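As structure tokens, the structure follows; a few thoughts come after it.
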Amino acid sequence: MKCPGRRRAVLGILLLCGGSIVVAGYQAPGGGRQGRGGDGAQVIQVDKLKDNLFVLRGGGGNTAVFVGSDGVTVVDTKIPGWGQPLIAKIKELTAKPVIRIINSHTHYDHVGGNVDFPTTIDIVAHANTLDNMKKALPPKGAEARVPPDVFKANNGKNMAKRTFTDKMTIGSGADRIDLYYFGRGHTNGDAWTVFPALRVMHAGDIFSGKLVPLLDSNNGGSGVEIADTLTKAGSIKDVDQIITGHSTVMTPADLKEYAEFNRDFLAYVREAKKAGKSIDEAAGGYKFPEKFPGYRAPQPDSVKNNVEVIYGELK
Ligand SMILES: [Zn+2]
């Protein structure tokens, strides 16, 4: 699903997909719920990308479901309360059992369903993401708008059991999954999951869509490093399709452009700081560059949040 704009924000729903911090998916008191049908049912939409790879949308971040020879790998598990509908939807797609979860990063709209899966399965994430799961700090700029920590509420159940730092390979041949870490960006634990046989990569929220990113400095995110991190991820060969954190499936060319978009923003903020501008002045003076067609114009508070994060890093 696309990163929500104003309409969903009005519904009281919050997604951590981009700087606009429309926190998605959490049922705000008195508010609506992301992905709910008219009858209140939790609706998960399935996009078949390959015969054995599906993108499941709704209820938080995009979930990748990869059906291997010995079972199913699930990348990201949506917001708290969406694990059961996710499990039910996967059962419609394959009779094979879920054997593994990969979490792209720590945010609740990507890990919330973990607790609904059996404790016997493998759960993999970057080492910093496991640390972040334990710390349970709310995302920068969305502190007051996120649900209670799902792991705390479940006595630490189904946090990552295995971690990696730079690269990890799971399985071989058609089943092979490569996990990469290229540096900080959205958080300090953004995992890139590649299915080499299918030439598809799941990016999580470090590439959530074509919009100003959420730089979650509470969880190690970096506006100084994000462009370089995105450029490094673009160097992975043999990828044709990229599953974004909250938007449509995109291409390596889109990823390259997104790196430039972030580099452009960093350059603007560096200049503003050099010129002695305050955070408010720098944020207020930001003009959305016209050379990035198809990008969503940012909300002022997301620009301010990112300026603040970068100013903090440039000290
Ligand atoms: Zn996120």
Side-chain angles (χ1 to χ4, degrees), residues 1-4 8-9 13-26 34-35 55-64 74-80 82 101-114 125-126 128-133 135-147 149-151 159-160 179 181-193 201-223 225-226 229-230 233 242-247 250 255 258 262 296 298-299 301-302 305-306 309:
M1 132 166 118
K2 292 201 173 180
C3 227
R8 285 208 185 80
I13 301 164
L14 199 55
L15 264 180
L16 298 179
C17 50
S20 48
I21 312 175
V22 224
V23 178
Y26 172 52
Q34 178 201 17
V55 182
L56 275 54
R57 304 176 188 281
N62 289 331
T63 297
V74 177
V75 185
D76 286 353
T77 61
K78 306 195 178 295
I79 60 175
W82 282 71
I101 290 170
I102 295 168
N103 289 126
S104 66
H105 65 296
T106 193
H107 287 153
Y108 76 94
D109 52 333
H110 298 257
V111 306
N114 278 30
H126 189 268
N128 292 340
T129 289
L130 176 58
D131 287 345
N132 292 337
M133 286 171 170
K135 285 183 201 154
L137 294 176
K140 161 82 176 156
E143 286 88 345
R145 291 181 278 174
V146 295
D149 184 74
V150 72
F151 295 119
M159 287 197 249
L179 296 172
Y181 177 71
F182 291 110
R184 297 160 65 205
H186 180 61
T187 69
N188 63 355
D190 302 304
W192 302 78
T193 303
M201 172 157 73
H202 183 287
D205 278 0
I206 192 165
F207 186 21
S208 73
K210 295 188 174 185
L211 74 174
V212 169
L214 170 67
L215 302 174
D216 178 10
S217 55
N218 290 355
N219 286 290
S222 168
E225 294 181 27
I226 189 170
T229 301
L230 292 163
I242 301 170
I243 300 168
T244 56
H246 291 269
S247 186
M250 296 198 187
L255 174 58
Y258 191 58
N262 280 278
R296 210 178 73 200
Q299 295 180 1
D301 59 348
S302 66
N305 188 71
N306 289 7
V309 169

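When a ligand or atom number is given, it counts from 1 through the structure's own listing order. Note that this is a predicted model, so its numbers are computed, not measured.
If you put the vertex on the Zn ion (ligand 1), NE2 of His105 and NE2 of His186 sit 100° apart, to the nearest 10°.
A search for side chain to side chain contact (heavy atoms under 4.5 Å, CB included) contacts involving Thr106 returns Thr129, Asn132, Met133, Asn219, not counting sequence neighbours. For Phe151, there are no ring pair (Phe, Tyr, Trp, His ring centres under 6.0 Å) partners, not counting sequence neighbours.
Checked against the Zn ion (ligand 1), the N, O or S atom of Asp205 at the shortest distance is OD2. For His107, the N, O or S atom closest to the Zn ion (ligand 1) goes by the atom name ND1.
Ring pair Phe182/Trp192 is perpendicular by interplanar angle, where above 60° counts as perpendicular and below 30° as parallel.
With 3.5 Å as the limit, one finds a donor-acceptor pair spanning the side chains of Thr63 and Lys78.
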